[in-house]
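The block underneath contains the structure these notes are about, expressed in structure tokens.
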Amino acid sequence: MTDDQKHDTDDVREIIASTLDIAEERAMSLKEFQRIFKTVGRNLSGRKFSDLQQKLSAIYDLEKLEKLQEKISDTVNRHILFDDKFLTVYQGVENIAEIKQKLDAIFESYQPDPEAELQVNKRTFYPFQKYNIRDDLIISYQFSQVRELTVRQEIDTDDLKDSVSDLYSSVFGFKTTELRCFDSVILDEERSLLILLVDLARVMPRNELNVIHSNFSHFIKRELGLEIMQQYDFLAAPLDLFPCIQKFYDEAVDKISGVTEIYFTTTEGTAHHEKLRGDSVDIRQVTYHESGVNGLKNTVVDGVKLDETITPYRISKKYYDRDIEISLNSSYNALSNINGSHLYNAFVIGSRSYEDIEFVLNKLLTLR
């Protein structure tokens, strides 16, 4: 191997290692990267991201390294664009063409300031990239913001004192870190839809996620001049997704989708939480749940069959053919809200393209 080739392989290894750091920080699935490494060599396995990084030194073929780097970078980029998002939909957006022009102008006139962009700022979002999804009719405007996050990480037991490491096979800890996050505004001019995607939905605590969503909405509102021009304030009326919760539950049982988690109440007001475990694919088919629901339906009082049922207020449903999970997380208190039950956001996990996001959108719009 020449010095130039060694320099090239070292450079590619460094890119792969730094990309794996991003994947770990974003709490991406380790299994996904284990599978990618195995396409290069069966012996390239590891229990942690750091193990995979160490395996890079065993790959000397520049072509293999470049293919590995391409697959890993593509996976991380798709995650950044479309996965682990907190989604809000706005329908019937008037003057969407004008909104598009304003967003275009923001991205065209923006002058990057790397020092400012790397500061933790809870209210400022910086234009990152404009992504033409479909023939200039569906466009994603991606903004970045550095946030301070508390993340759960596995601690290498080799780094601990023997008196501690001897007691545990796995040790986890929480650490505060600064991470660059990516939130998007997607315009669908054909259907007059505007979609907001807030990044790292699973990683963020729910209260912090709500604050970020509010800040991002106000930022977009300010940038588009909506605070002055109230007739354009479509952000005041997000799509109410609460009706989708019951309809997700009522969808026909099939082989390609299943309810993976549910919170619900019975007629007596008792709250229940069930989460899919083992090899089952749909809570509705698990004996415990099925028999409980049937028991409610067949309840007889004074000779009268009451035909009772459950009222779900939080549900997660996975579409196995796409490996996408949609979670609609309302609360028990929402059921008794004097102004009615409402939910304006969905968690989208596992999406890797706009076609996946569009599948979620169509599902939510159809079920309402």
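These values consider heavy atoms only, across backbone and side chains, with no hydrogens, waters or symmetry-generated copies.
- One hydrophobic cluster holds both Leu367 and Leu361 under the rule that ILVMFWY side chains link at heavy-atom gaps under 4.5 Å.
- Within 6.0 Å of atom NZ in Lys48, more than 12 heavy atoms from other residues, nucleotides or ligands are found, so the atom counts as buried in its surroundings.
- Salt-bridge annotation for Asp84 and Arg26: absent, with no side-chain N of the basic residue lying under 4.0 Å from a carboxylate O of the acidic one.
- Going from atom NZ of Lys221 over to atom CZ of Phe216 covers 14.5 Å, rounded to the nearest 0.5 Å.
- Look at Glu251 and Lys247 and you find no salt bridge, because none of the NZ, NE, NH1 or NH2 atoms lies under 4.0 Å from a carboxylate O.
- Here Asp321 contributes atom CG and Asp254 contributes atom CG; the two are 8.5 Å apart, rounded to the nearest 0.5 Å.
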**OP:** Could you walk me through whether Tyr141 and Phe107 pass ring-ring contact (aromatic ring centres under 6.0 Å, His included), step by step?
**Re:** CA-CA 8 Å; Tyr141 299 88; Phe107 276 71; 5.5 Å; yes
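- Around atom OH of Tyr131, no more than 12 heavy atoms belonging to other residues, nucleotides or ligands sit under 6.0 Å away.
- Rounded to the nearest 0.5 angstrom, Glu274 CD and Arg284 CZ are separated by 12.5 Å.
- Of the inter-residue distances, the one linking Ser331 atom OG with Tyr263 atom OH reads 11.5 Å to the nearest 0.5 angstrom.
- Annotation: Glu14, atom CD; neighbour count of heavy atoms from other residues, nucleotides and ligands within 6.0 Å does not exceed 12.
- Taking a cutoff of 4.0 Å between a charged side-chain nitrogen and a carboxylate oxygen, Glu108 and Lys130 do not qualify as a salt bridge.
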Original post:
Can Asn362 and Glu358 be said to form a side-chain hydrogen bond (donor to acceptor under 3.5 Å, both in side chains), step by step?
Top reply: CA-CA 6 Å; Asn362 291 337; Glu358 197 165 43; 5.2 Å; no
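- The pair Asp282-Lys318 fails the salt-bridge criterion, with no side-chain N (NZ, NE, NH1 or NH2) lying under 4.0 Å from an Asp/Glu carboxylate O.
- Ring centroids of Phe359 and Tyr319 are separated by less than 6.0 Å, placing the two rings close together.
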Original post:
Which is it for Phe143 and Phe128 under the ring-ring contact (aromatic ring centres under 6.0 Å, His included) test, yes or no, and what are the steps along the way?
Top reply: CA-CA 5 Å; Phe143 294 83; Phe128 179 69; over 10 Å; no
Original post:
How far apart are the C-alpha atoms of Arg352 and Glu32, what are their side-chain angles, what is the distance that settles it, and do they pass the salt bridge (Lys or Arg N to Asp or Glu O under 4.0 Å) test?
Top reply: CA-CA 12 Å; Arg352 284 292 188 270; Glu32 192 164 3; 2.6 Å; yes
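- In this model, no donor atom of one side chain and acceptor atom of the other lie less than 3.5 Å apart for Ser144 and Glu117.
- Glu66 and Lys71 are not joined by a salt bridge, as no carboxylate oxygen comes within less than 4.0 angstrom of a charged side-chain nitrogen.
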Original post:
What do the steps show when you test Thr260 against Glu325 for side-chain hydrogen bond (donor to acceptor under 3.5 Å, both in side chains), and what is the final call?
Top reply: CA-CA 9 Å; Thr260 58; Glu325 189 164 64; 2.6 Å; yes
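- One distance of note links OH of Tyr90 with CG of Leu193; it measures 12.5 Å at 0.5 Å rounding.
- Judged by a 6.0 Å distance limit and a 45° cone about the ring axis, Arg134 is not positioned over the six-membered ring of Tyr354.
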**OP:** Kindly determine whether Leu224 and Leu103 satisfy side-chain contact (heavy atoms from CB on, under 4.5 Å), including the steps that lead there.
**Re:** CA-CA 7 Å; Leu224 297 181; Leu103 285 169; 4.1 Å; yes
Original post:
Does the pair His213 and Thr88 meet the rule for a side-chain hydrogen bond (donor to acceptor under 3.5 Å, both in side chains), with working shown?
Top reply: CA-CA 9 Å; His213 178 271; Thr88 314; 2.9 Å; yes
**OP:** In sequence, state the C-alpha distance, the side-chain angles, and the governing distance for His273 and Glu261, and then conclude on side-chain hydrogen bond (donor to acceptor under 3.5 Å, both in side chains).
**Re:** CA-CA 8 Å; His273 170 219; Glu261 188 169 16; 2.6 Å; yes
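- Nearest heavy-atom pair across Ala27 and Val203 is CB-CG2, 3.8 Å.
- There is a side-chain donor-acceptor pair under 3.5 Å between Gln53 and Asp21.
- Within a 6.0 Å radius of NZ in Lys100, more than 12 heavy atoms belonging to other residues, nucleotides or ligands are found.
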**OP:** Give the C-alpha distance, both sets of side-chain angles, the deciding distance and a yes or no for ring-ring contact (aromatic ring centres under 6.0 Å, His included) between Tyr249 and His289.
**Re:** CA-CA 12 Å; Tyr249 182 80; His289 181 83; 5.8 Å; yes
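- The 12-atom threshold is not exceeded at CD of Glu70, counting heavy atoms of other residues, nucleotides or ligands nearer than 6.0 Å.
- Classification of Arg78 and Asp83 as a salt-bridged pair fails, no side-chain N sitting under 4.0 Å from a carboxylate O.
- Ser257 has its side chain within reach of Lys317: a pair of non-hydrogen atoms, C-beta onward, lies under 4.5 Å apart.
- Taking OG from Ser140 and CD from Gln129, the interatomic distance works out to 7.5 Å, rounded to the nearest 0.5 Å.
- Linking ILVMFWY residues whenever their side-chain heavy atoms come closer than 4.5 Å, directly or via other members, leaves Leu209 and Val146 in distinct clusters.
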